[in-house]
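In each ligand, atom 1 is the first atom listed, and ligand 1 is the first ligand listed.
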Amino acid sequence: MPAPINEFKQALARGDRQIGCWMSFAEPICAEVMGTAGFDWLVIDGEHSANDVRSIRDQLVALAGSDAHPVVRVPIGETWIIKQALDCGAQTILVPIVESAEQAREMVRAIKYPPFGTRGVGAAAARATRFGEIADYVATADDQTCLLVQVENRAGMAALDEILEVEGVDGVFIGPADLSTDMGFKGNSAAPEVQEMIADAVKRIAAAGKAPGLLGTTPDATQGYFDMGAQFLAVGIDVLLLARAARGLAAEWKAK
Ligand SMILES: O=C(O)C(=O)C[C@H](O)[C@@H](O)CO
């Protein structure tokens, strides 16, 4: 039995648009609810949410019955956390703050087994192999792992062309919040200068045959990124969905 097919990776390779959502509650039951919504992909955010490897694992379990593909964002691009996420059953890894082609190559190696890669071999007892049931996992997993790197500051943008030449990078996510802050537009990813840089990066990513990705947290921003051609596009964050709905409901009934 081979490793599960990564249909999200295949969709990106076909050029299909994939609509997703960020998950920041760091709670399995919330992931299970989000898994019923109909998104193509869902981010388990290990960078800006109170996630650890156990909660990441538990959210992967919660999404096992969903058609939404789980994307695990690790807190930082380090091999030890990536191998833990992969052994927990993640197949798609999102790495924040990638600033060079060498860093991107290191991340590609981290999601692949030796001799090409550096991923540690501990799958026999891991959830990734269904605890040993997937006998051919180690031999077949590399084709199903998917690497998405985040380019989200001026250094990364300066290295974007070299990053795009790295084989094994499947997609490049532009982080609007971090990019705008690094560009000097703190809290203002809508600044024309930021939007111009994002639009240019999306074109270059697509022209290189990689998938461009973005996250919009307001209708206008999301529509703008959709129109730019973002291929894997997150259209919201679970925490904001609840917070905004709750505030609106309270205001509606308290105003009566
Ligand atoms: O820089 C960004 O924007 C991202 O990487 C997404 C944020 O980290 C996400 O948490 C929304 O603020």
Ligand 1 N/O within reach of E152 N/O, cut-off under 3.5 Å: yes
Modelled atom types, side-chain donor and acceptor of S55 and D58, under 3.5 Å: no
For ligand 1, the portion of Q150 having any non-hydrogen atom under 4.0 Å away: side chain
Heavy atom of the protein closest to atom 11 (C) of ligand 1 (residue, atom name, distance): L215 CD2, 3.5 Å
Options A177, G216, G236, ranked by nearest heavy atom to atom 3 (O) of ligand 1, top entry: A177
Protein residue, atom and distance nearest to atom 1 (O) of ligand 1, heavy-atom basis: D178 N, 2.9 Å
Side-chain H-bond candidate by donor/acceptor type, D227 with Q223, under 3.5 Å: yes
Min heavy-atom dist I237 to ligand 1 below 4.0 Å: yes
Any N/O pair R73/ligand 1 closer than 3.5 Å: yes
Nitrogen or oxygen of L179 less than 3.5 angstrom from that of ligand 1: no
Proximal atoms of ligand 1 relative to P176 (non-hydrogen, under 4.0 Å): 1 (O), 2 (C), 3 (O)
NZ or CZ of R17 within 45° of F226 ring axis and under 6.0 Å: yes
Polar side chain donor-acceptor pair, Q59 to N51, under 3.5 angstrom: yes
Side chain to side chain, I82 and M107, heavy atoms closer than 4.5 Å: yes
T145 and K112: side chain donor to acceptor below 3.5 Å: yes
Atoms of ligand 1, numbered as shown, that sit under 4.0 Å from any heavy atom of H48: 8 (O)
Under 3.5 Å donor-acceptor, W41 side chain and Q18 backbone: yes
